[in-house]
Amino acid sequence: MSTQPARGMRDFLPDDVRRRQYVMGVIARVYEQYGFAPLETPAVENIETLLGKYGEEGDRLIFKILKRGEGAATGQADLALRYDLTVPLARVVAEYRATLPKFFKRYQMQPVWRADRPQKGRFREFYQCDVDAIGSHSVVVEVELLAAACDVLARLGFADFTVRLNHRKALSGMLQASGVPAALHGETLVALDKLDKIGPDGVTRELAERGVAPAAAAALIALFSDGAAGNDAILARLEAVVGGDEAGATGVRELRAILALAAGTRAAARLRLDPSLARGLSYYTGAIFEIAVPDLAGSLGGGGRYDDLIGMFGKQAVPACGISLGLERILVVMGERGMFPPDLALAAADVMVAVWSEARLADSVALAAELRAGGLRVEVYPEADKLGKQFKYASACGVPFVAVLGDDEAARGEVALKDMRTGVQRSVPRADAGREMVAARGQAQGE
RNA sequence: GUGGGUGUAGCUCAGGGGUAGAGCUCCGGACUGUGGCUCCGGCUGUCGCGGGUUCGAAUCCCGUCAUCCACCCCA
């Protein structure tokens with residue numbers, strides 16, 4: 001029988017968990033600094049909550065749960081594993097709107113599931129770390145979210161990430177003004193997105209195949225090729241192309257406002273206007289973001305404004321905006337670059353109590369209890385064994401101290417303490433052993 | 001959904017028609033109150049699975065499954 005975890009799923013061994021907890025701790029602290037409150041929702045949602053929210057591709061990748069009991073024979077699904085944290089949030093807001101604050105700011109770090117094909121930095125179960133602000137149309141929300149995400153990455157040690165920025169309304173304005181019929185917007189964006197892969201000629205060909213007029217194609221390619229230009233230059237160009245299109249003008253105005261408001265935050269140096277950024281999730285309605293580093297094909301995070309999603313739950317339309325960071329992607333890059341603090345690899349115990357003989361077992365367990373009461377993390381070697389083996393085990397585990405309570409020590413009321421890093425051993429009164437090692441640990445951490 | 005790489009010991013991998021291998025890990029010993037280093041000895045295999053070719057297949061062929069990578073899409 002195979003002992004591997006199911007496809008695209010992973011086991012997290014202690015070192016993995018420590019790294020994950022470290023990163024999630026940094027993220028939670030930053031989000032709290034911005035005034036966001038924690039939220040958790042169930043892994044499973046009713047299937048109709050999820051279907052129709054993500055677009056065709058997204059719906060296809062939802063893990064569905066077949067009916068149980070008498071319904072099992074029908075092969076129908078009534079439940080599904082959540083595909084992201086945004087749609088469950090929208091459901092929660094629609095359900096509890098009356099009791100939530102006017103501006104509901106929440107963060108959520110939980111696993112989501114996608115029936116995708118696994119790849120580097122891509123798993124079927126992965127954690128998203130979302131921050132969202134509900135209830136305001138103001139672009140202050142966008143700026144605060146962008147600043148928080150940039151603070152997180154900076155605090156984790158990233159110095160080379162960029163945040164691509166675009167706007168759904170600016171995008172549709174561009175297409176509309178270029179004479180692309182609304183029905184072709186989706187396909188046109190897919191083709192334009194390939195610009196850096198198949199080049200202007202390839203995109204021109206593909207657009208022609210899809211029925212886009214040559215003049216419109218040329219105008220769009222010119223606009224989308226402006227990658228190296230500064231934000232101001234792109235903004236000016238966008239304004240010119242979008243022209244009188246009303247939605248487009250709104251989009252460009254909001255992008256301008258976001259860039260202006262962000263000037264006083266850590267996001268300012270990161271934001272790159274990118275007219276080609278589209279994003280596949282269908283619920284976005286306004287600004288859209290994507291966070292990237294050069295050494296990973298996928299993004300570290302993404303997000304945007306979704307003013308219509310909460311209204312889809314049939315109650316009241318509520319504006320909303322959010323950003324999602326991909327924990328696994330961040331961990332993959334941090335691992336490759338060796339960005340974790342060294343003390344994450346520390347042993348699980350400060351001291352191991354060796355067991356001299358069967359007769360001393362009870363006394364050794366008692367000694368461990370005394371040391372724990374003094375604030376130490378203490379492991380007891382679980383059986384009486386040759387001392388050599390016990391030291392070898394302690395050494396392999398990286399435990400910095402071994403306490404030996406042999407017959408000689410016990411007779412004198414002492415404990416032998418060996419510092420495994422220096423090899424120095426001395427006997428101290430049993431009552432002082434805890435204090436000695438707490439002091440030694442403090443010294444080691446001060447180094 | 002499309003395309004490519006790889007499946008051999010617990011782990012990392014060699015072997016490409018003729019008896020199944022190495023390093024690491026693990027266990028024991030040198031070392032009966034003391035680890036790391038060294039040395040000696042030992043355990044571990046349906047060579048992913050199924051079929052075919054052959055006197056003979058880990059090796060060649062077909063299929064299948066798993067896994068990794070790329071595309072699509074995404075975090």
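To find a chain, count down the sequence lines: A is the first, B the second, and so on, and within it residues start at 1.
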Is any side-chain N or O of [X] closer than 4.0 Å to OP1 or OP2 of [N]?
| X | N | result |
| --- | --- | --- |
| A:Arg117 | B:G1 | no |
| A:Lys392 | B:C31 | no |
| A:Gln119 | B:A70 | yes |

Distance check, [atom1] atoms only: [N] and [M], in whole angstrom units.
| N | M | atom1 | value |
| --- | --- | --- | --- |
| B:A58 | B:G21 | C1' | 12 Å |
| B:U53 | B:G41 | C1' | 44 Å |
| B:C73 | B:A20 | C1' | 45 Å |
| B:C49 | B:G10 | P | 13 Å |
| B:G15 | B:A70 | P | 26 Å |
| B:G35 | B:G23 | P | 25 Å |
| B:C27 | B:G16 | P | 34 Å |
| B:C24 | B:G42 | C1' | 16 Å |

Without decimals, in angstroms, what is the distance between [X] [atom1] and [N] [atom2]?
| X | N | atom1 | atom2 | result |
| --- | --- | --- | --- | --- |
| A:Tyr283 | B:C73 | OH | C1' | 14 Å |
| A:Phe123 | B:C68 | CZ | C1' | 11 Å |
| A:Glu336 | B:C69 | CD | P | 10 Å |
| A:Asp116 | B:C68 | CG | C1' | 15 Å |
| A:Asp295 | B:A75 | CG | P | 19 Å |

Exercise. With nearest nucleotides of RNA chain B determined for A:Val404 and A:Pro5 from heavy-atom distances, which residue corresponds to the more 5′ nucleotide?
Worked result: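 Residue closer to the 5' terminus by nearest nucleotide: A:Val404.
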Exercise. More 5' along RNA chain B: A:Thr422 or A:Ile291, using each one's nearest nucleotide?
Worked result: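 Counting from the 5' end, the first nearest nucleotide belongs to A:Thr422.
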Closest approach to the side chain of [X], judged atom by atom: which nucleotide of [options] is it?
| X | options | result |
| --- | --- | --- |
| A:Arg122 | B:C72, B:G33, B:G35 | B:C72 |
| A:Gln4 | B:U67, B:C73, B:G29 | B:U67 |
| A:Ala416 | B:G35, B:G33, B:A75 | B:G33 |
| A:Arg114 | B:G33, B:A70, B:A75 | B:A75 |
| A:Arg7 | B:U67, B:G29, B:C73 | B:U67 |
| A:Ser395 | B:G35, B:G29, B:A75 | B:G35 |

Reckon [X] touches a base, only the sugar-phosphate, or nothing at all at heavy-atom distances under 4.0 Å?
| X | answer |
| --- | --- |
| A:Leu61 | nothing |
| A:Gly298 | base |
| A:Glu125 | nothing |
| A:Asp84 | nothing |

With a 4.5 Å limit on heavy-atom distance, are the side chains of [X] and [Y] in contact?
| X | Y | answer |
| --- | --- | --- |
| A:Asp59 | A:Glu56 | no |
| A:Met437 | A:Asp350 | no |
| A:Val415 | A:Glu409 | no |
| A:Glu436 | A:Phe401 | no |
| A:Arg82 | A:Gln110 | yes |

What is the pairing partner of [N], taking Watson-Crick or G-U wobble pairs with both distances under 3.5 Å in any strand?
| N | answer |
| --- | --- |
| B:U12 | B:A22 |
| B:C37 | none |
| B:G3 | B:C69 |
| B:U64 | B:G48 |

Problem set entry | Positions of residues 318-335 of chain A (non-hydrogen atom under 4.0 Å from RNA chain B), listed by number |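 Correct list: A:Ser324, A:Gly326, A:Arg329.
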For this session: For RNA chain B, find the residues of residues 28-58 of chain A with a heavy-atom distance under 4.0 Å and give them by number; none if there aren't any.
Result: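 Here the set is A:Glu57.
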Problem set entry | side-chain contact (heavy atoms from CB on, under 4.5 Å) partner of A:Leu367, chosen from A:Val351, A:Val353, A:Val380 |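 Going through the options one by one, the only one that passes is A:Val353.
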Exercise. Planes under 30° and centres closer than 5.5 Å, is that true for A:Phe126 with the base of B:A75?
Worked result: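 So yes, this residue stacks on that base, both cut-offs being met.
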Exercise. Would you call the rings of A:Tyr83 and A:Tyr54 parallel, tilted or perpendicular if under 30° counts as parallel and over 60° as perpendicular?
Worked result: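 Ring orientation of A:Tyr83 relative to A:Tyr54: tilted.
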Exercise. Does the side chain of A:Asp151 pick up a donor-acceptor pair with the side chain of A:Tyr34 at under 3.5 Å?
Worked result: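 Indeed, the side chains of A:Asp151 and A:Tyr34 share at least one donor-acceptor pair under 3.5 Å.
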Exercise. Any chance the side chains of A:Gln108 and A:Arg106 put a donor and an acceptor closer than 3.5 Å?
Worked result: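 Indeed, the side chains of A:Gln108 and A:Arg106 share at least one donor-acceptor pair under 3.5 Å.
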Exercise. Does the cation-pi check pass for A:Lys389 over A:Tyr381, that is, NZ or CZ under 6.0 Å from the six-membered ring centre and within 45° of its axis?
Worked result: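 The answer is no; the distance or angle limit is not met.
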For this session: Mind telling me if B:G16 is syn or anti? Syn here is a glycosidic angle within 90° of 0.
Result: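 What B:G16 shows is a syn base, its glycosidic angle lying within 90° of 0.
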Exercise. For the residue pair A:Gly135 and A:Phe103, what are the closest heavy atoms and their distance?
Worked result: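 Nearest pair, atom of A:Gly135 first, then A:Phe103: O-CE2, 3.4 Å.
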For this session: For residues A:Ala147 and A:Thr265, report the shortest heavy-atom separation together with the two atoms involved.
Result: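 So the two residues come closest at CB-CB, 3.8 Å.
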Exercise. Is the centre of the A:Tyr306 ring less than 6.0 Å from the centre of the A:Tyr283 ring?
Worked result: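 Between A:Tyr306 and A:Tyr283, the centre distance is under 6.0 Å.
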Exercise. On a plain distance test, is the side chain of A:Lys418 in donor-acceptor contact with the base of B:G35 below 3.5 Å?
Worked result: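 Present.
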